[in-house]
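Structure first, then comments.
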Amino acid sequence: MSGAQRRSVILGTGSELPAKVVTNGDLEKMVDTSDEWITVRTGIKERRVLEEGKGNADMAYHAAKRALDDAGIKAKDLDAIIMATCTADYLMPSSACVLEDMLEARKAFSFDVNAACSGFLNALSVADSFIRTGQIGNALVVGSDALSRLLNWQDRTTCILFGDGAGAVVLGASENGHGGILSTKLRTDGSYAKTLYVPAGGSLKPARLETVRNNEHTITMNGKEVFKVAVRSMEEISRQALEEAGVKIEQVSLVIPHQANRRIIVALADRLGISMDKVVVNVEKYGNTSAASVPVALDEARRQGRIHKGDIVLLNAFGAGFAWGAAVVQF
Ligand code: ACO
């Protein structure tokens, strides 16, 4: 078969959300906020928080197991594990390596991709390229983040937005040229690096007593700027991904956008000219789970029977970097 006909197909999906629920009411007791303010501005009602003593890979493991079961593939047969995260268990090695060991996926090579909230699209695109070029036959692609670990729980402008979770897909190769991942598009604009970032803990400003005292290990954000650029960029890249796939917006059965804020999602749907009944929204339950948000929403949509054979689904995301991306997938 020629390389042009080889495509990646989604064989299975899975997700995992930590058991601990933090409601807007709980946050009212911690910061000067209200359920009404959070609901109106973001659509979020509650979020999940990973219990102390657990790391990112613990969530990723359960999501991965479910995706592997769904795909009917054994971990030992995986060729690659690509994990999108900006909250790895350790600064090194990668969480993908931790996950590989937990799954006993001894044959796989594994690495992390960090594109913050957009990371799953990047990981999907990388895995898709490996598969299309014939270097591998399958891959586990995970989006998993525990942003609760990067929150200043005294900062009402950020702590209300985020939650923890993990989502995974198993990709395989199809030689028949029908369906699968039809296109992926990625973009970044590093001039916005400090519009949404964690100032300390990296090589520029390593952890010191002073950085901890100054709360520099937590998310700092200009929310208004993020909002504006997110809507515009996700619309643009979605249109580019659709064009590359040769798909018209009317042919899209479902849009699965990054779950950051209901208002961003509604504005995006409006600009794309797609009705909200074709858009997956679960932000009210989980908040913004960063790299996990798209694969969690995809898994839920599949399990709710919202995706049928032949359906074309548009995925898109936006986050710190700024980094953003979109993918068009036919099931
Ligand atoms: N509770 C009550 N009041 C609050 C809260 C809160 N949690 N947070 C801020 N306020 C106050 C502000 O202090 C301000 O008060 P002031 O008028 O007295 O100064 C007022 O509410 C309005 O604040 P704004 O920042 O103007 O509110 P805005 O309508 O922009 O909503 C929000 C803020 C929700 C953060 C919005 O800008 C947003 O969602 N931005 C996108 C951010 C995002 O999603 N980041 C995630 C990462 S990137 C991504 O995933 C897309």
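Just follow the structure's listing: the first ligand is 1, and inside any ligand the first atom is 1.
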Does the side chain of R208 come within less than 4.5 Å of V212's, by heavy atoms?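 No. Closest side-chain heavy atoms not under 4.5 Å.
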So do V281 and Q259 actually touch side chain to side chain, heavy atoms under 4.5 Å?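 Sidechains of V281 and Q259: in contact.
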Suppose I only count heavy atoms of [X] and a 4.0 Å limit; which atoms of ligand 1 are within that range?
X: L196; answer: 47 (C), 48 (S)
X: C117; answer: 50 (O)
X: T157; answer: 8 (N), 9 (C)

Any donor-acceptor N or O pair under 3.5 Å, side chains [X], [Y]:
X: T42; Y: N261; value: no
X: T85; Y: D112; value: no
X: T184; Y: D128; value: no
X: N122; Y: S125; value: no

For this session: Kindly confirm or rule out an N or O of S34 lying under 3.5 angstrom from an N or O of ligand 1.
Result: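 Min N/O separation from ligand 1 is not below 3.5 Å for S34.
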Checklist entry - When you look for heavy atoms under 4.0 Å from ligand 1, do you find them on the side chain of N261, its backbone, both, or neither? => result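 N261 to ligand 1: side-chain contact only, backbone stays beyond 4.0 Å.
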Query raised in the report: Quick one: does ligand 1 sit under 4.0 Å from the side chain of V31, the backbone, both or neither, non-hydrogen atoms only?
Result: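 It is neither part, as no heavy atom is under 4.0 Å.
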Could you tell me whether [atom] has a protein heavy atom closer than 4.0 Å?
atom: atom 19 (O) of ligand 1; answer: no
atom: atom 51 (C) of ligand 1; answer: yes
atom: atom 29 (O) of ligand 1; answer: yes
atom: atom 6 (C) of ligand 1; answer: yes

Hey, do the aromatic rings of F130 and F109 have their centres closer than 6.0 Å?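 Yes.
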Top protein contact for [atom], by heavy-atom distance:
atom: atom 27 (O) of ligand 1; result: R41 NH1, 3.2 Å
atom: atom 41 (C) of ligand 1; result: G223 O, 3.5 Å
atom: atom 49 (C) of ligand 1; result: F318 O, 3.4 Å
atom: atom 44 (O) of ligand 1; result: A260 CB, 3.6 Å
atom: atom 34 (C) of ligand 1; result: T42 CG2, 3.7 Å
atom: atom 46 (C) of ligand 1; result: N288 ND2, 3.4 Å
atom: atom 31 (O) of ligand 1; result: R263 NH2, 3.5 Å
atom: atom 1 (N) of ligand 1; result: T33 OG1, 2.6 Å

For this session: Report the relative orientation of the aromatic rings in Y192 and F322; use parallel for angles under 30°, tilted for 30 to 60°, perpendicular for over 60°.
Result: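 Ring orientation, 0 to 90° scale: parallel.
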| task | Please determine if R262 and E284 form a salt bridge, counting it only when a charged side-chain N lies under 4.0 Å from a carboxylate O. | result |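 So R262 does not pair with E284 through a salt bridge.
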Regarding [atom]: of the candidates [options], which has the closest heavy atom?
atom: atom 9 (C) of ligand 1; options: W37, W324, F162; result: W37
atom: atom 11 (C) of ligand 1; options: M221, K228, R156; result: R156
atom: atom 26 (O) of ligand 1; options: K224, M234, R262; result: K224

Around L91, counting heavy atoms of other residues, nucleotides and ligands shown, do more than 12 lie under 6.0 Å from its CG?
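It does not: L91 CG has 12 such atoms or fewer within range.
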### Query
Under 6.0 Å from the CD atom of E36, do we count more than 12 heavy atoms belonging to anything else shown?
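No, the 6.0 Å shell around CD holds no more than 12 heavy atoms from other groups.
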Is the shortest distance from a heavy atom of I38 to ligand 1 less than 4.0 Å?
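No, that is not the case, since the closest heavy atom of the residue is not under 4.0 Å from the ligand.
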To the nearest 0.5 Å, tell me how far D35 CG sits from T39 OG1.
->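 Between D35 CG and T39 OG1, I get 4.0 Å after rounding to 0.5 Å.
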**Study point:** Option among N138, L11, I181, V9 that satisfies the side chain to side chain contact (heavy atoms under 4.5 Å, CB included) test with L171
**Key:**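 So the option named by the test is I181.
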